[in-house]
Amino acid sequence: MNTHTYEISSRDGASGYLTIDLRAIEHNYRLLQQRTSPVPVAAVVKADAYGLDAGRVAPVLYDAGCRDFFVAHFGEAVRLKTFVEPDARIFVLNGLQPGAEGRCADLGIIPVLNSLEQLENWSRTAVSRGDALPAVLQVDSGMSRLGLPPEESATLAGDHALLEGVDLLYLMSHLASADENASQQNGEQLAALRHAAALFPELPLCFANSGGIFLGRDFQGALARPGIALYGGLPTDVPGIAVKPVARLDVRVVQTRTVPAGSRVGYGGAHVTRTETRLATIAAGYADGLPRSLSDRGAAYYGGVRLPIVGRVSMDSMTIDISALPPGTLKLGSLVEMIGPHQPLEAIAADACTISYEILTSLGNRYHREYR
């Protein structure tokens, strides 16, 4: 008997297609570098490069000239080591959990020290090894999240023995409202950082995130570390920022139908049609990163025509009103746009009452991914 083996590719039967433009990431990196020059630009590639795959993204950034990469957790740093060349520096924003210091030192990964406790653990490791181990010192400039509060900064400045064996590379803090150019908090945080910097005058500053880059030279410090702007998200409310979109999402139609007026749509019958309505069910839901909060608020697009989401978004699907299209336009397998030229990342995030970061990092693994 003849047998035929057919290997199913990830495109076959895919519910949707997530297209990631690596050239756009490179463009965005170079745009930010031009904005800060001669200050170098690092890349924040935490959360698997904001959900777009650090294994694909980090080498592109490295080839574009990036040598400094920030992740949130030590495990992310270990994985990232396999994607970049040995001369790249990898920083861990959350610092280290107890017990990870030795392996971190072995791998040459650089922790951001956020507390005197983390500093003590890193110093003890350095002294025990007889090495000077690099680190970044983070101070809290008003976000109340990570970093030494003012009283601990003063304690450290008055007792340099606490820094034994630690080679501090930067003094760092994080902006909480940099996406709002006119926010009073930006100036307050800058003043707080300058106060802390006066205690450690020998340390260069690392302050600007994506939005901070556009707040001006005072915020850029000696190393900028953008995240969302690299991935096509608008980093600021300042108009005219030429960041290129990176991700496009198109989703397949599963079924179409025409229902009479008074028909209930979706879980809970939350939507009731007012007139005869043509509907399409599409193959993505909140398990695929399209939040339930899009229910009766968001939309898909086809050929520039807005197709409202009706009823509740469910785990694997949602229903859209396609009455604005000529009958027969959409059928089984047709693609509708969820993120793209007619619906940018910020637009779908706004409809979902969230931010672009959450949409990007939530896009699921059931889509076929194509990297260009």
Side-chain angles (χ1 to χ4, degrees), residues 8-21 51 232 245-354 356 358-370:
I8 299 177
S9 75
S10 58
R11 284 192 64 90
D12 291 332
S15 60
Y17 300 89
L18 180 59
T19 306
I20 295 125
D21 187 345
V246 169
R248 174 173 178 139
L249 177 61
D250 298 283
V251 175
R252 292 284 194 191
V253 171
V254 177
Q255 189 174 12
T256 62
R257 72 182 69 227
T258 300
V259 299
S263 297
R264 298 184 181 276
V265 181
Y267 279 115
H271 181 90
V272 180
T273 58
R274 295 181 179 181
T275 62
E276 182 179 88
T277 306
R278 284 184 291 110
L279 303 174
T281 301
I282 61 174
Y286 57 76
D288 305 291
L290 300 176
R292 196 168 185 260
S293 54
L294 287 170
S295 301
D296 271 324
R297 290 179 53 90
Y301 279 80
Y302 184 86
V305 178
R306 187 177 189 273
L307 308 173
I309 296 169
V310 291
R312 294 176 182 167
V313 174
S314 54
M315 183 181 292
D316 313 301
S317 63
M318 68 183 77
T319 305
I320 57 177
D321 183 343
I322 61 172
S323 301
L325 296 175
T329 302
L330 297 183
K331 57 186 179 181
L332 175 65
S334 296
L335 287 167
V336 296
E337 173 193 324
M338 294 303 300
I339 302 172
H342 301 102
Q343 180 154 260
L345 188 57
E346 282 73 24
I348 191 171
D351 282 345
C353 301
T354 185
S356 56
E358 185 175 12
I359 297 294
L360 265 188
T361 56
S362 300
L363 294 175
N365 58 13
R366 295 195 289 190
Y367 306 120
H368 171 75
R369 293 188 173 214
E370 181 173 332

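For the single chain, residues carry numbers from 1 onward in sequence order. Basis for what follows: all heavy atoms, side chains included, without hydrogens, waters or symmetry-related copies. Given the structure is predicted, the values throughout are model-derived calculations rather than measurements.
Between Val265 and Thr273, the closest side-chain pair of non-hydrogen atoms falls below 4.5 Å. Using a 4.5 Å cut-off on side-chain heavy atoms (C-beta onward), Leu325 and Leu307 make contact. Between Val253 and Thr281 there is no side-chain heavy-atom pair separated by less than 4.5 Å. Using a 4.5 Å cut-off on side-chain heavy atoms (C-beta onward), Met318 and Ile282 make contact. In this structure, the side chains of Asp351 and Gln343 come closer than 4.5 Å at one or more pairs of heavy atoms. Here the side chains of Leu330 and Val336 are in contact, with some heavy-atom distance below 4.5 Å. By the 4.5 Å heavy-atom criterion applied to side chains, Leu249 and Leu290 are counted as neighbours. Counting heavy atoms from C-beta on, the side chains of Thr329 and Tyr302 come closer than 4.5 Å.
Atom-to-atom distance recorded for Ile339:CD1 and Ser356:OG is 10.0 Å, nearest 0.5 angstrom. Once rounded to the nearest 0.5 Å, the distance linking CZ of Arg306 with CD1 of Ile320 reads 11.0 Å. Separating the CG atom in Leu294 from the CD1 atom in Ile309 is a distance of 4.5 Å, to the nearest 0.5 Å. For the atom pair Leu332 CG and Thr256 OG1, the distance stands at 8.5 Å (nearest 0.5 Å).
Heavy atoms only, all atoms of each residue included: Gly232 and Val246 are closest at N-CG2, 3.7 Å. Of all heavy-atom pairs between Ala283 and Val254, the closest is CB-CG2, 3.5 Å. Nearest heavy atom pair, residue Met315 against residue Arg366, reads O-NH2, 3.7 Å. Shown here for Leu18 and Ala247, the closest heavy-atom pair between the two residues is CD1-CB, 4.3 Å. Nearest heavy-atom pair across Cys353 and Arg297 is SG-NH2, 3.4 Å. Minimum heavy-atom separation, Val305 to Ala324: CG1-CB, 3.8 Å.
With Tyr367 contributing its side chain and Asp288 its backbone, the two residues share a donor-acceptor pair below 3.5 Å. No donor-acceptor pair closer than 3.5 Å links the side chain of Thr354 to the backbone N or O of Ala349. For the pair Thr277 (side chain) and Thr275 (backbone), a donor-acceptor distance under 3.5 Å is present. The backbone N or O of His342 lies less than 3.5 Å from a partner atom in the side chain of Glu337, making a donor-acceptor pair. Although no hydrogens or angles enter the test, the distance criterion places no donor-acceptor pair under 3.5 Å between the side chain of Ser362 and the main chain of Gly289.
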Q) Between Met338 and Ile348, does a side-chain contact (heavy atoms from CB on, under 4.5 Å) hold up when you go through it step by step? A) CA-CA 8 Å; Met338 294 303 300; Ile348 191 171; 4.2 Å; yes

**Q.** Chi angles and distances behind the side-chain contact (heavy atoms from CB on, under 4.5 Å) call for Thr258, Leu279
**A.** CA-CA 6 Å; Thr258 300; Leu279 303 174; over 6 Å; no

Q: Please assess Arg292 against Arg312 for the test side-chain contact (heavy atoms from CB on, under 4.5 Å), listing each intermediate value before the final yes or no.
A: CA-CA 7 Å; Arg292 196 168 185 260; Arg312 294 176 182 167; 3.4 Å; yes

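The pair Arg248-Asp21 fails the salt-bridge criterion, with no side-chain N (NZ, NE, NH1 or NH2) lying under 4.0 Å from an Asp/Glu carboxylate O.
No more than 12 heavy atoms of other residues, nucleotides or ligands lie within 6.0 Å of CZ in Arg264, so this atom counts as exposed by the packing criterion.
Shown here are the side-chain contact (heavy atoms from CB on, under 4.5 Å) partners of Arg252, two or more places apart in sequence or in another chain: Tyr17, Leu335.
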